[in-house]
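Written out below as structure tokens is the structure these notes cover.
Below, chains carry the letters A, B, ... as their sequence lines are ordered, and counting in each starts from 1.
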Amino acid sequence: MFEEKEPELPEFLVAIYRHFELQYPKFHKMDNLSKLGWLANEILLQNGFDKEKYKPEDVGIVLSNANASLDTDIKYYETTNTMASPALFVYTLPNIVIGEMAIRHHFKGENAFFIFECFDAGFIEQYVSNMINNNILQCCICGWVDVLDKNYNATLFLIEQEKSANSVNFTKENLTKIHQLQNG
Amino acid sequence: MSDLKTQIIAQLNLQDTKPEDIGDDQPLFVEGLGLDSIDALELIVLLQQQYKIKLSNAEDGPRVFKTVRTMAEYITDHQAQHA
């Protein structure tokens, strides 16, 4: 998509949106963290995810990152010098990205957003397994979505009870391995 | 009204919308352009930034922000009163 030069993050996110021919006007109003998580989720679910198997309450979202909503917090703070932007203010919490993902697919299950210095595969595995094993959720989207200035990173996992053709076991080791592969 | 439509598109980040896509009398909210409550706040910011108009009575909002035409009329009336 970008052969000439490395794009700025906003350009990159819009290019991904257009590449996948997504139709969701609200995308353009989101902050960069929500755009990144929302796009990663669209890509994750487009290959073989059968939403009809689940009730809305059965699908949860558990995300984590290092910088919370700091990227947008700074941008919002800058607008307060002139006129504070309501559209930016509503994104000054990291869990808003979960809301955007859930609204898109009508997921209504448990959700949580955690802040860690780096991706904590052990914590995510334990937290999500607990909800799946206790029948709080039947399916969970989990992982890492982080943005600060020019740096961004997203790794999402789809956790289901039933195995599919390309699935791997939900273990700390597999989460770590996939996250590391995503990040070179 | 074309300038106002351009300002609305920029303020609300309606990237896939062109000024000619917005009818003068098309409702801005719900069944029309589909704007929401946060967009309403952004329209108030637009009035303040572009036209130095402070919406003094919140109850005027639904009438002022009904369509592009009602917004334009409100701006014109305000400018005439303060000329």
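- A/V145 has its side chain within reach of A/L156: a pair of non-hydrogen atoms, C-beta onward, lies under 4.5 Å apart.
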Query - ring pair (Phe, Tyr, Trp, His ring centres under 6.0 Å) between B/F65 and B/F29, worked out - result: CA-CA 8 Å; B/F65 298 123; B/F29 290 87; 7.1 Å; no
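- Taking Ile, Leu, Val, Met, Phe, Trp and Tyr as members and joining any whose side-chain heavy atoms lie under 4.5 Å apart, directly or through other members, the hydrophobic cluster of A/L148 also contains A/L70, A/I74.
- Contacts of B/L14 with chain A are made by side-chain atoms alone, with heavy-atom separations under 4.5 Å and no backbone atom involved.
- Residues satisfying the side chain to side chain contact (heavy atoms under 4.5 Å, CB included) test with B/A10, not counting sequence neighbours, are none.
- Every side chain to side chain contact (heavy atoms under 4.5 Å, CB included) that B/V68 has, sequence neighbours left out, goes to B/M1, B/L4, B/K5, B/I8, B/I22, B/L28.
- Using cut-offs of 30° and 60° for the angle between ring planes, the B/H82 and B/H78 rings count as parallel.
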Donor-acceptor pairs between chain B and chain A under 3.5 Å, which ones?
| unit_1 | atom_1 | unit_2 | atom_2 | d |
| --- | --- | --- | --- | --- |
| B/N13 | ND2 | A/H28 | O | 2.8 |
| B/Q15 | OE1 | A/H28 | ND1 | 3.4 |
| B/D16 | OD1 | A/R18 | NH2 | 3.4 |
| B/D16 | OD2 | A/H28 | NE2 | 3.2 |
| B/D39 | OD1 | A/K29 | NZ | 2.9 |
| B/D39 | OD2 | A/K29 | NZ | 2.8 |
| B/E42 | OE2 | A/S85 | OG | 3.0 |
| B/E42 | OE2 | A/A87 | N | 2.7 |

